[in-house]
Amino acid sequence: MFSTIRRSSPRGHRRGVALAAAVLLFLVPACSTAGTEGGSSGETDAAAVAAAQERLAPLVIPVSDTKIQVDTPLTQRPPAGKRVEVIRYNNSASAVYDQPMKDAGAALGWSVNVAAIDATDPQSIPNAMIRAVSQKVDYIVITSSSIQAAGAGMDAAKKAGVPVFFGAGLDEPQGEVNGLYGNTMRTTTKLAVFGLLDKMIVESGGTGSALLVSAPDFPILAPIDDQAKKYVADNCSQCTLELLGIPAADLGGDVASTIAAKVRQNPDIKYVVTTFSSLATGLAPGLKSAGLTDVSAYLTGLNEAEVELVRNGTYPAGDLYPVNDYPWLLFDQIARLSVGMDTLQAQHDSTGLQLWTTDSVPDGMTSWDPPNYQEKYKELWQIS
């Protein structure tokens with residue numbers, strides 16, 4: 001998830017000390033608040049809070065200090081003229097990546113076609129893959145899926161020798177063995193949820209009760225409920241976590257009211273964590289109208305409008321991915337395969353993350369990417 005740690009120079013050591021101090025300024029006030037707002041007895045779990053603070057530290061470094069996830073140059077410039085089919089769900093959360101996908105492809109001299117499919121139709125991904133194979137594309141990208149969900153489409157691609165890459169998926173790439181050659185962002189959502197659960201641990205003094213809201217019909221989200229339950233059990237013995245799954249068919253409805261009704265069933269819940277930001281549409285006013293003014297909602301994968309809602313205090317915290325950098329990281333894996341290199345799955349398994357609070361949203365920013373990310377990828381690709 002984070003850049004490889006390198007041995008630093010004395011100047012780097014001094015800079016690291018300053019950075020650590022900045023991180024503490026972000027975390028310590030939260031701990032102090034938690035110390036006065038712990039469980040019903042007023043007690044806190046100092047060890048759980050301290051451990052959560054340490055895990056949060058990489059998520060709150062200044063954007064200017066972030067780096068792209070990979071640093072190994074390609075052995076040669078990738079061949080031009082490749083055709084890439086990008087298959088993604090037909091929703092706004094997926095559409096924001098369309099232009100960065102095309103920009104990354106254009107930098108390589110490749111053509112990129114984006115196919116938007118019905119998120120509620122289980123056959124939409126296999127059918128789109130079969131069409132792409134018939135059109136003799138060079139590579140297929142599915143922005144969120146699993147090998148099982150891809151089904152006949154994966155079989156068709158494997159038979160035709162068309163490498164498949166996931167933008168976020170469940171499976172470990174095994175190349176010719178399973179037809180999957182890369183899985184960028186495989187663990188990002190899980191790590192983002194864990195970060196917000198750590199924020200809950202800190203804010204509650206290690207005694208919080210939270211509700212995790214997810215949509216387990218989507219393959220990438222299916223395992224998160226169990227992973228989150230285990231994470232809280234392992235890291236905060238006095239915390240509790242309840243789960244609420246929203247069926248894919250209900251995502252266009254009044255999810256906020258469903259969440260509020262679930263929280264009202266358990267007045268101990270003081271934190272709501274969503275696995276993606278669309279689940280939080282109307283959530284703040286929904287909680288307020290239900291009289292749940294003491295419940296804090298943390299959002300995973302903030303979009304630009306939601307960053308402003310964190311900035312103005314509507315939501316106290318959320319984390320966000322590097323929207324433009326992520327497609328370039330994905331295309332980096334494809335570029336490596338195109339020149340016969342290892343796709344370096346370990347370095348692509350997750351994007352970087354930022355966790356922003358009302359007190360820490362950077363001035364003038366509604367999104368983030370590592371500085372000069374495009375130039376850095378072009379250098380790696382031997383095209384700068």
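The shown structure was predicted, so the numbers you read here are calculated from the model rather than taken from an experiment. Start at 1 with the first residue, then count along the sequence.
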Chemist: Between Asp332 and Arg336, does at least one N-O distance fall below 4.0 Å, as a salt bridge requires?
Modeler: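 A salt bridge links Asp332 with Arg336.
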
Chemist: Under 3.5 Å, is there a donor on one side chain and an acceptor on the other for Thr300 and Thr274?
Modeler: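 The answer is no; no qualifying pair exists.
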
Chemist: Any chance you could lay out the ring pair (Phe, Tyr, Trp, His ring centres under 6.0 Å) test for Tyr97 and Tyr326, step after step, and finish with the verdict?
Modeler: CA-CA 8 Å; Tyr97 301 107; Tyr326 148 63; 4.9 Å; yes

Chemist: Look only at the side chain of Ser204 and the backbone of Met200, and say whether a donor-acceptor pair between them is shorter than 3.5 Å.
Modeler: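 Checked: pair present.
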
Chemist: Just so I know, are the side chains of Ile87 and Ile140 near enough to count as touching, which here means a heavy-atom distance under 4.5 Å?
Modeler: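 They are in side-chain contact.
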
Chemist: Verify the neighbour count for atom CD of Glu176: are there more than 12 heavy atoms of other residues, nucleotides or ligands below 6.0 Å?
Modeler: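 No.
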
Chemist: So does Lys270 pair up with Asp294, basic N to acidic O under 4.0 Å?
Modeler: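 Salt bridge: yes.
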
Chemist: Salt-bridged, Arg311 to Glu308, with N to O below 4.0 Å?
Modeler: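 Yes, charged N to carboxylate O under 4.0 Å.
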
Chemist: What pairs of residues pass the ring pair (Phe, Tyr, Trp, His ring centres under 6.0 Å) test when at least one of them lies in residues 215-244, not counting sequence neighbours?
Modeler: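 Output for this query lists Tyr89-Phe218, Phe194-Tyr231.
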
Chemist: Could you give the distance from OG (Ser64) to CH2 (Trp368), rounded to the nearest 0.5 Å?
Modeler: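 Rounded to the nearest 0.5 Å, the OG-CH2 separation comes out at 11.5 Å.
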
Chemist: Regarding Gln333 and Gln345, is there a side-chain donor-to-acceptor distance under 3.5 Å anywhere?
Modeler: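 There is such a pair (donor and acceptor under 3.5 Å, judged by atom type) between the side chains of Gln333 and Gln345.
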
Chemist: Below 30° counts as parallel, above 60° as perpendicular, anything between as tilted: where do the rings of Tyr373 and Tyr377 land?
Modeler: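 Rings of Tyr373 and Tyr377: perpendicular, as their planes differ by over 60°.
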
Chemist: Do you see a donor-acceptor pair shorter than 3.5 Å between the side chains of Ser124 and Asp121?
Modeler: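 Judged by distance alone, the side chains do not pair up.
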
Chemist: Show me the pairs that pass side chain to side chain donor-acceptor pair (under 3.5 Å) and involve residues 138-161, at least two apart or across chains.
Modeler: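 Residue pairs with at least one partner in residues 138-161: there are none.
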
Chemist: For Tyr181, is there any backbone N or O sitting under 3.5 Å from a side-chain donor or acceptor partner on Thr343?
Modeler: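 Yes, the answer is positive, given that a donor and an acceptor are paired below the 3.5 Å cut-off.
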
Chemist: Quick one: CG on Leu196 to CG on Asp319, what's the gap to the nearest 0.5 Å?
Modeler: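 Leu196 CG to Asp319 CG: 4.0 Å, rounded to 0.5 Å.
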
Chemist: Check whether any side-chain heavy atom of Arg186 lies under 4.5 Å from a side-chain heavy atom of His348, and answer yes or no.
Modeler: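 Side chain of Arg186 against side chain of His348, heavy atoms only: no contact under 4.5 Å found.
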
Chemist: What distance separates Leu251 CG from Asp217 CG, expressed to the nearest 0.5 Å?
Modeler: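 Reported to 0.5 Å precision, the distance equals 8.0 Å.
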
Chemist: Only one of Val141, Ile142, Ile117, Val114 forms a side-chain contact (heavy atoms from CB on, under 4.5 Å) with Arg88, so which one is it?
Modeler: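 Answer to the side-chain contact (heavy atoms from CB on, under 4.5 Å) test with Arg88 among Val141, Ile142, Ile117, Val114: Val114.
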
Chemist: Do Ile130 and Met154 share a hydrophobic cluster, counting only Ile, Leu, Val, Met, Phe, Trp and Tyr and linking them when any side-chain heavy atoms are less than 4.5 Å apart?
Modeler: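 Result: no, two separate clusters.
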
